[in-house]
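So the structure is just underneath, and the comments pick up after that.
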Number of protein chains: 2
Amino acid sequence: MKVAELAKSLGTTADTVRYYSRLGLLKPAKSVNGYKSYSNKEVSRLKFILSARNLGFSVVDIKEIINESEDGKSACPLVRSLIKERLEETEKQFQAMLALRGKMSSALSRWEEMEDKAPTANMVCHLIENFEQIKKT
Amino acid sequence: MKVAELAKSLGTTADTVRYYSRLGLLKPAKSVNGYKSYSNKEVSRLKFILSARNLGFSVVDIKEIINESEDGKSACPLVRSLIKERLEETEKQFQAMLALRGKMSSALSRWEEMEDKAPTANMVCHLIENFEQIKKT
DNA sequence: ACTTGACCTGTGTCTTAGACACAGGTCTAA
DNA sequence: TTAGACCTGTGTCTAAGACACAGGTCAAGT
């Protein structure tokens, strides 16, 4: 199986497959013409990787998980602990985005009723520069 | 004013100031000893940059905004149009994070009641590999 | 056998917004 | 003047692939 075949069969891109191969998550054999050749085992491994990515694990996480399982150990405890960390991070980012979204949308609506101003020596754009101050009034 | 002074006075890091200088957003003079020297004008410019970053503009956006204003034009129309784009992007990412957060937290709670399993030839971790399927039942 | 063109490949570079490392310069107190 | 503390610019690194590109492969047509 060539790179593009594998990629298409699981709904991803050849670049992604190559990336995982570069990192050692997939270990294709070299066929005679120098192309990377993927076996059925690689197919299910890629399927696993994509599921894990979809759940928010990083590729480094996934590498660790695979390493653990290749040592014959159960990866489940590691998986539980990693998702706890990732979820906390996601929660933080989520809150940050929530706040940012609010700020942006309030800026957008407020700026629509404000006039244009030409720049001065110490002001690039009064919309931005006065945003926080106005908020306080 | 040296890099670290400027940075501290506005609550940011020297690396950030250097980064903006590298991109040409700030244009420090060279003092005799080779150090970058920032004037009062740079202070208010950095203040502007930080406000804009805080509102979700990218540094490239900010560069365009500054360019516009240095041509003597009002940057306000550009600013309005850019924030509209950025807000849309933020909204998309926000929805994606919302969905991800849900998936992760449901995985976390469900996995706590599931047993560990050793890996097999075609399974790295049953928690991950069975997650979507279980969901459908 | 040969050639054309379409498709495929691996490798290397690019992206964001800074953080970090590091070799060396500066400056103040002793 | 020397030690030590602090500061500097430059170069490299990050995540997760996307993209560019020179060259290889392969089936159809001649």
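These figures come from a predicted structure and were not determined experimentally. The basis for the numbers below is simple: all heavy atoms, side chains too, and nothing from hydrogens, waters or symmetry mates. Labels below follow one simple rule: chain letters A, B, ... track the order of the sequence lines, proteins then strands, and each chain is numbered from 1.
Two residues are said to be in side-chain contact when any heavy atoms from C-beta on lie closer than 4.5 Å; Leu87(A) and Lys84(A) fail this criterion. Taking 4.5 Å as the limit, some side-chain heavy atom of Ile128(B) sits within range of a side-chain heavy atom of Phe57(A).
Rounded to whole Å, atom P of dA16(D) lies 15 Å from atom CD of Gln93(B). Atom CG of Leu6(B) is separated from atom P of dT8(D) by 10 Å (rounded to the nearest Å). The distance from atom CG of Leu50(B) to atom C1' of dA17(C) is 13 Å, rounded to the nearest whole Å. The distance from atom NZ of Lys30(B) to atom P of dT26(C) is 13 Å, rounded to the nearest whole Å. The CZ atom of Phe57(B) sits 17 Å away from the C1' atom of dA17(C) (whole-angstrom rounding). When the P atom of dC13(D) is taken as reference, atom CZ of Arg22(B) falls 14 Å away, rounded to whole Å.
Regarding contacts with the backbone of dT10(D), a side-chain N or O of Lys36(B) is found under 4.0 angstrom from either OP1 or OP2. Distances shorter than 4.0 Å separate some side-chain N or O of Arg53(A) from OP1 or OP2 on dG17(D). For dG17(D), the OP1/OP2 oxygens have a side-chain nitrogen or oxygen of Tyr20(A) closer than 4.0 Å. Side-chain nitrogen and oxygen atoms of Thr16(A) include none within less than 4.0 Å of the OP1 or OP2 phosphate oxygen of dA16(D). For dA19(C), the OP1/OP2 oxygens have a side-chain nitrogen or oxygen of Thr13(B) closer than 4.0 Å.
A side-chain donor-acceptor contact under 3.5 Å links Glu91(B) and Gln95(B). A donor and an acceptor atom, one from each side chain of Thr13(A) and Asp15(A), are nowhere located under 3.5 Å apart. At a cut-off of 3.5 Å, with distance as the only test, a side-chain donor of Thr120(A) or Asn122(A) sits close to an acceptor on the other residue.
Along DNA chain C, the nucleotide nearest to Val3(A) and the one nearest to Lys2(B) differ in position, and the one closer to the 5' end is contacted by Val3(A). Residues Tyr19(A) and Gly34(A) both approach DNA chain D. Their nearest nucleotides, taken by heavy-atom distance, put Tyr19(A) toward the 5′ side.
Candidate nucleotides dA19(C), dG24(D), dT8(D) were compared by shortest atom distance to the side chain of Tyr35(A), and dG24(D) ranks first. Of the candidate nucleotides dT16(C), dT9(C), dA16(D), dA16(D) has the atom lying nearest to any side-chain atom of Val59(A).
Nucleic acid contact class of Asn33(B) (heavy atoms, under 4.0 Å, all strands): sugar-phosphate only.
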